[in-house]
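Below: one structure, written as structure tokens.
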Amino acid sequence: MLERVFPSAADFTYRGSRIALWLLGLVLVLKLAIALGAIFNGHYAATVADGIPIDSYTPQGAQAFLSLFASLGLSQLILGVFGVVLLLKYRPLVPLFLLLLLVEYVARKGVSAYIPIERSGQAPGGAINWAIFGVMVLAFILSIRQSNRARPMSEA
């Protein structure tokens, strides 16, 4: 299993399921859309999707929060673009990238549990993120499973 997560330099063949590639593509589209929303429409994304009462903050506090929210969006955008490059050009690294996304998500949830943000009501963002996490777990499992045949980069 470790050789699927860390492919050798000499063997550049993706051996996982083709479905995992499609699932990763779906995850990347969703993550890129969320990242762009956080960067360019952070107030709406934070208040509606995440249920964060930004309007109750002081103007300076709201500005600081939105700046940090956009910075998080930028890091997610960079991760997403990197994932697109891996998906299109370096498919043997897909299991490693999915593992990275899973660790990043769990670590972010750990930080949120340690330093919680007050939320108002039930926001749909949490459920959407948990659904994306579930798809990432499934994609990771499928990416490390042996498929019927190995596909060289040019064929997949």
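Along the sequence shown, the residues carry numbers beginning at 1. These numbers come from the heavy atoms of this one structure, side chains and all, not from hydrogens, waters or symmetry mates.
Linking Ile, Leu, Val, Met, Phe, Trp and Tyr whenever their side-chain heavy atoms come within less than 4.5 Å puts Ile132 and Val94 in one cluster. When hydrophobic clusters are built by joining Ile, Leu, Val, Met, Phe, Trp and Tyr residues whose side-chain heavy atoms come closer than 4.5 Å, directly or via intermediates, Phe40 is grouped together with Ile34. Under the 4.5 Å side-chain heavy-atom criterion for grouping Ile, Leu, Val, Met, Phe, Trp and Tyr, Ile117 is not connected to Tyr114 through any hydrophobic cluster. Cluster membership check: Leu87 shares its hydrophobic cluster with Leu26, using side-chain heavy-atom separations under 4.5 Å among Ile, Leu, Val, Met, Phe, Trp and Tyr. Cluster annotation: Trp22 and Leu98 are assigned to distinct hydrophobic clusters (Ile/Leu/Val/Met/Phe/Trp/Tyr, side-chain heavy-atom contacts under 4.5 Å, transitive).
Under a cut-off of 6.0 angstrom, the local environment of CD in Glu104 is crowded, with over 12 non-hydrogen atoms contributed by other residues, nucleotides or ligands. Residue Ile19 places its CD1 atom among 12 or fewer non-hydrogen atoms of other residues, nucleotides or ligands, all under 6.0 Å distant.
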| task | List the steps and the verdict of side chain to side chain contact (heavy atoms under 4.5 Å, CB included) for Tyr105 and Trp130. | result | CA-CA 10 Å; Tyr105 182 83; Trp130 278 111; 3.5 Å; yes
| query | Taking it one step at a time, do Leu74 and Ile78 satisfy side chain to side chain contact (heavy atoms under 4.5 Å, CB included)? | reply | CA-CA 6 Å; Leu74 179 62; Ile78 291 169; 4.2 Å; yes
| message | Set out, in order, the CA-CA distance, both residues' side-chain angles and the distance that settles side chain to side chain contact (heavy atoms under 4.5 Å, CB included) for Leu86 and Leu96, then state yes or no. | response | CA-CA 10 Å; Leu86 286 181; Leu96 179 62; over 6 Å; no
| query | Please walk me through it: do Leu32 and Val84 pass side chain to side chain contact (heavy atoms under 4.5 Å, CB included)? | reply | CA-CA 10 Å; Leu32 288 169; Val84 169; 4.0 Å; yes
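Between atom CG of residue Leu23 and atom CG of residue Leu28 there is a gap of 11.0 Å, rounded to the nearest 0.5 Å. The structure places NZ of Lys31 at 7.0 Å from CG of Asn129, a figure rounded to the nearest 0.5 Å. The CG atom of Leu102 lies 5.5 Å from the CZ atom of Phe133; values are rounded to the nearest 0.5 Å. Rounding to the nearest 0.5 angstrom, the gap separating the CD atom in Gln63 from the NE2 atom in His43 is 10.5 Å. Between atom CG of residue Leu93 and atom CG of residue Leu99 there is a gap of 12.0 Å, rounded to the nearest 0.5 Å. To the nearest 0.5 Å, the span separating CD on Glu118 from CD1 on Ile52 amounts to 10.5 Å.
Side-chain contact between Gln76 and Ile39: absent, with no pair of heavy atoms (C-beta onward) separated by less than 4.5 Å.
What you find for Asp50 and Gly125 is that their closest heavy atoms are OD1-CA, 4.0 Å. Closest of all the heavy-atom pairs between Ala35 and Gly73 is CB-O, 3.2 Å. Residues Tyr14 and Pro92 approach most closely at N-CG, 3.9 Å, considering heavy atoms. Minimum interatomic distance between Ala45 and Phe69 (heavy atoms only, all atoms of both residues): CB-CE2, 3.9 Å.
Checked by atom type and distance alone, the side chain of Ser112 pairs as donor or acceptor with a backbone atom of Arg108 at under 3.5 Å. In this structure, the side chain of Ser143 engages the main chain of Phe140 through a donor-acceptor pair within 3.5 Å.
Using cut-offs of 30° and 60° for the angle between ring planes, the Tyr57 and Phe65 rings count as perpendicular.
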